[in-house]
Asks: 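Pasting a structure here, questions to come.
In what follows, chains carry the letters A, B, and so on, assigned in the order in which the sequence lines appear, proteins first and then strands, with residues in each chain numbered from 1. For the numbers below, each heavy atom of this structure counts, side chains included, while hydrogens, waters and symmetry mates do not.
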2 protein chains.
Amino acid sequence: MKKKQSATIYDVASRVGVSLATVSRVVNGNTNVRESTKRKVLAAIDELGYHPNAVARGLASKKTTTIGVVMPDVTDMYYSELARGIDDVANMYHYDVLLTNTDEDPVRETMAVNNLATKQVDGIIFMGNELDREVLNTIASVDAPVVLAGFLTSDGSLPSVNIDYVAAIRESTKALIRNGHQRVALVIGPLTHAINKQYRLKGYQDALEEMGIDYDESLVFTSHQDYAAGMQVAERVTAAKATAAITYDDEVALGIMNYMIDKGVKVPDDFEVVTSNNTKFAIVTRPAVTSISQPKYDIGAVAMRMLTKLMNNEILEDTQITLPHTIERRGTTKNDLEIKM
Amino acid sequence: MKKKQSATIYDVASRVGVSLATVSRVVNGNTNVRESTKRKVLAAIDELGYHPNAVARGLASKKTTTIGVVMPDVTDMYYSELARGIDDVANMYHYDVLLTNTDEDPVRETMAVNNLATKQVDGIIFMGNELDREVLNTIASVDAPVVLAGFLTSDGSLPSVNIDYVAAIRESTKALIRNGHQRVALVIGPLTHAINKQYRLKGYQDALEEMGIDYDESLVFTSHQDYAAGMQVAERVTAAKATAAITYDDEVALGIMNYMIDKGVKVPDDFEVVTSNNTKFAIVTRPAVTSISQPKYDIGAVAMRMLTKLMNNEILEDTQITLPHTIERRGTTKNDLEIKM
DNA sequence: CTGAAAGCGCTAACAG
DNA sequence: CTGTTAGCGCTTTCAG
């Protein structure tokens, strides 16, 4: 039963007594084939166990019906949920997904994009936190549309799908301030990244300004995106005498929360926490974590949908898509947390 | 700067004044090329920005340097950690990964395998809980080696990488019994799956027998692999008057634990929990969850390593690989939990 | 060490 | 509605 791929389009053609072209037509659903011959071809295909060779098809048609997905890490819940959205709509449009983990290393990101180009993918969806100049150049040099999912560059030169980070952080910060906090810590990624400096930090600063609180740089912390990093930054947050924190990553939020709990600090009574991604991590703890709720699956799905249009040479009416977010109130904030614009 | 792929091997050849064959040789690292012409070819490649077309190469060589990974769901931490191990060693051997989510639906699994065959992947790594007969037939019909990661079939007809589930569950069950529990609940997946019935349940029964406790079918529960399902099964576990539980999935364990906590049952004082996958979920809660520790990343990595051998037509000395596991004691079991063989 | 020639399996005009 | 004819870009004998 091995060697399924042995039958070629030629075998089918000669068996039925038609030309390659005819077989190709029925395989590709071309309507210009007489019903009777179509039936015969289909029968032969079945008997021979013929399956089209996508590689040959790719060479001839210059379309591989494969897209590349470049992401920091599949084991990161935030990205994997985006990936699931991407994969589902990719399948819906009959695309396969070539997955690459980069750990946000620009060198690996560059290699990944180049490699995907070599494999002739029809398009690429890129996830991460920032686009290094060299990566940007590589993307520009590639003959395949690229869309960013879950982050963006400051110049908006590439199509992307995101939520309104400024508003999301602004709202949460204000809510915390209304809850009585004068010192709210902001825990984000490197300020060298546009998404952190121009969006998240901006939202935080806007909130402070609107609420009449002076911006204190010492309340802004940079952290890696993992649990251990959260525990570490928690110590600094404590030292800075913050009484609440907004984080950009759920694992970091849990690290901070558990640090507090382990130190005997009551959450939310003595310390409130709001996180950003609303992954499963935010709901399995006690207390569960209040979070900005991003439509992660949809971000991936919409990005993929955009990509299909791009691959189809359609014009996008809007290249910078912003999806709505909400705030999910849970146990790490006091019940009277009030969300307002 | 667009249209990078414009240059072909032919362009390079004519620019240098050699034949295609020569360029192909230097591109593929064939040593039979004079150093001077090699240098010239390399220079031309650089000037023209030539990048080999993997699709054409695949057609000609019948190797795509791409493998397929079929998994239930990327957003499931257990599988995504396996996937990361796979991806890392795949890259090490210069393979790309085509990812497909199946939600364990046999229909989608069958389609996935067929699709991967169409795409001419050189090999496939399959993850899941069970192989449906039809899926098994499809796998057999495909002309590419397949290895299973993180589960197995009862007949061992396919190469696989796992831990010793029987021993792992036996040890944890016995440890719980030694802790004084007469009624330990076992929460696993459907008994129609070999991994549940012939391995996990067996380990549980062996432990009971060794400890002189009668097997009580009403203490074995079937549950889906998610948090909500865990909360649901917890109610039944409580009704069955179990005082401890062993689960096959971390999210399920958290569901059970939180159900107990929410009901005022003290964990671990009044109820102990041991889970199986030791994902990040097990460490971010308070208490953190005692877990069987599987080398998930390594399971994926070893599976991929096996696959490379298979793709290289090497003979495997051992097709059923068992990796070592340990038990990670945390806060959902009493401190005197004693692990013995 | 290098070139010529024959495909890999399929799509895509172009005829008819 | 169907066949013919070119390739797609590269690998791979086989000569030399």
Asks: Nearest to the side chain of S61(A) - dC10(D), dT11(D), dT11(C)?
Replies: dT11(C)

Asks: Please determine which of V135(B), V69(B), T100(B) meets the side chain to side chain contact (heavy atoms under 4.5 Å, CB included) test together with F126(B).
Replies: V135(B)

Asks: Using a strict heavy-atom distance below 4.0 Å, which residues from residues 15-24 of chain A are in contact with DNA chain D?
Replies: G17(A), V18(A), S19(A), A21(A), T22(A)

Asks: Suppose we screen for side-chain contact (heavy atoms from CB on, under 4.5 Å). Which residues come up paired with Q225(B), at least two apart in sequence or across chains?
Replies: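 In terms of side-chain contact (heavy atoms from CB on, under 4.5 Å), with neighbours along the sequence ignored, Q225(B) is linked to D76(B), Y79(B), E104(B), N129(B), Y248(B), D249(B).
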
Asks: Could you work out which one of dC1(C), dC8(C), dT2(D) sits closest to the side chain of A60(B)?
Replies: dC8(C)

Asks: Do the side-chain N or O atoms of R25(B) get closer than 4.0 angstrom to the phosphate oxygens (OP1, OP2) of dC1(C)?
Replies: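 Indeed not, no polar side-chain atom of R25(B) lies that close.
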
Asks: Mind checking whether M127(B) and V70(B) have side chains closer than 4.5 Å, heavy atoms only?
Replies: no

Asks: Tell me whether the OP1 or OP2 atom of dG9(C) has a side-chain N or O from R57(A) closer than 4.0 Å.
Replies: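 No, R57(A) has no side-chain N/O under 4.0 Å of OP1/OP2 on dG9(C).
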
Asks: Would you mind reading off the distance between N28(A) atom CG and dT2(D) atom P, rounded to a whole angstrom?
Replies: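 These atoms are roughly 16 Å apart.
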
Asks: For the helix from dC1(C)-dG16(D) to dG16(C)-dC1(D), measure the angle between the helix axis at one end and the axis at the other, each built from five pairs, rounding to 10°.
Replies: 30°

Asks: Could you tell me if the side chain of R57(A) sits less than 4.5 Å from the side chain of P52(A), heavy atoms only?
Replies: yes

Asks: Does a nitrogen or oxygen in the side chain of T37(B) sit under 4.0 Å from OP1 or OP2 of dC1(C)?
Replies: no

Asks: Name the closest nucleotide to the N53(B) side chain, picking from dT2(D), dT2(C), dG9(D).
Replies: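 Selected nucleotide: dG9(D).
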
Asks: Starting at atom CG of L59(B), determine the distance to atom C1' of dT11(C), rounded to an integer number of angstrom.
Replies: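 So the CG-C1' distance, L59(B) to dT11(C), works out to 12 Å.
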
Asks: Once side chain to side chain donor-acceptor pair (under 3.5 Å) is applied, do any residues pair with T64(A), and if so which ones, sequence neighbours excluded?
Replies: D122(A)

Asks: Of all residues at least two apart in sequence or in a different chain, which pass the side chain to side chain donor-acceptor pair (under 3.5 Å) check with T102(A)?
Replies: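 Testing T102(A) for side chain to side chain donor-acceptor pair (under 3.5 Å), a comparison that skips the adjacent residues, returns none.
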
Asks: Under the salt bridge (charged side-chain N to carboxylate O under 4.0 Å, His left out) rule, what pairs show up with a residue in residues 79-100 of chain A, not counting sequence neighbours?
Replies: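 Those involving residues 79-100 of chain A are E81(A)-K296(A), R84(A)-D88(A), R84(A)-D73(B), R84(A)-D103(B), D96(A)-K119(B).
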
Asks: Please state whether the phosphate of dC8(D), meaning OP1 or OP2, lies under 4.0 angstrom from any side-chain nitrogen or oxygen of K63(A).
Replies: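 No, no such contact exists.
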
Asks: Ignoring backbone atoms, establish whether Y50(A) has a side-chain N or O less than 4.0 Å from OP1 or OP2 of dC10(C).
Replies: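 Yes, such a contact exists.
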
Asks: Could you tell me which non-hydrogen atom of I139(A) sits nearest to which non-hydrogen atom of L158(A), and how far apart they are?
Replies: CG2-CD2, 4.3 Å

Asks: Kindly give the heavy-atom pair with the smallest separation between I299(A) and G150(A), and that separation in Å.
Replies: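 Reported closest heavy-atom pair: CG2-N, 3.7 Å.
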
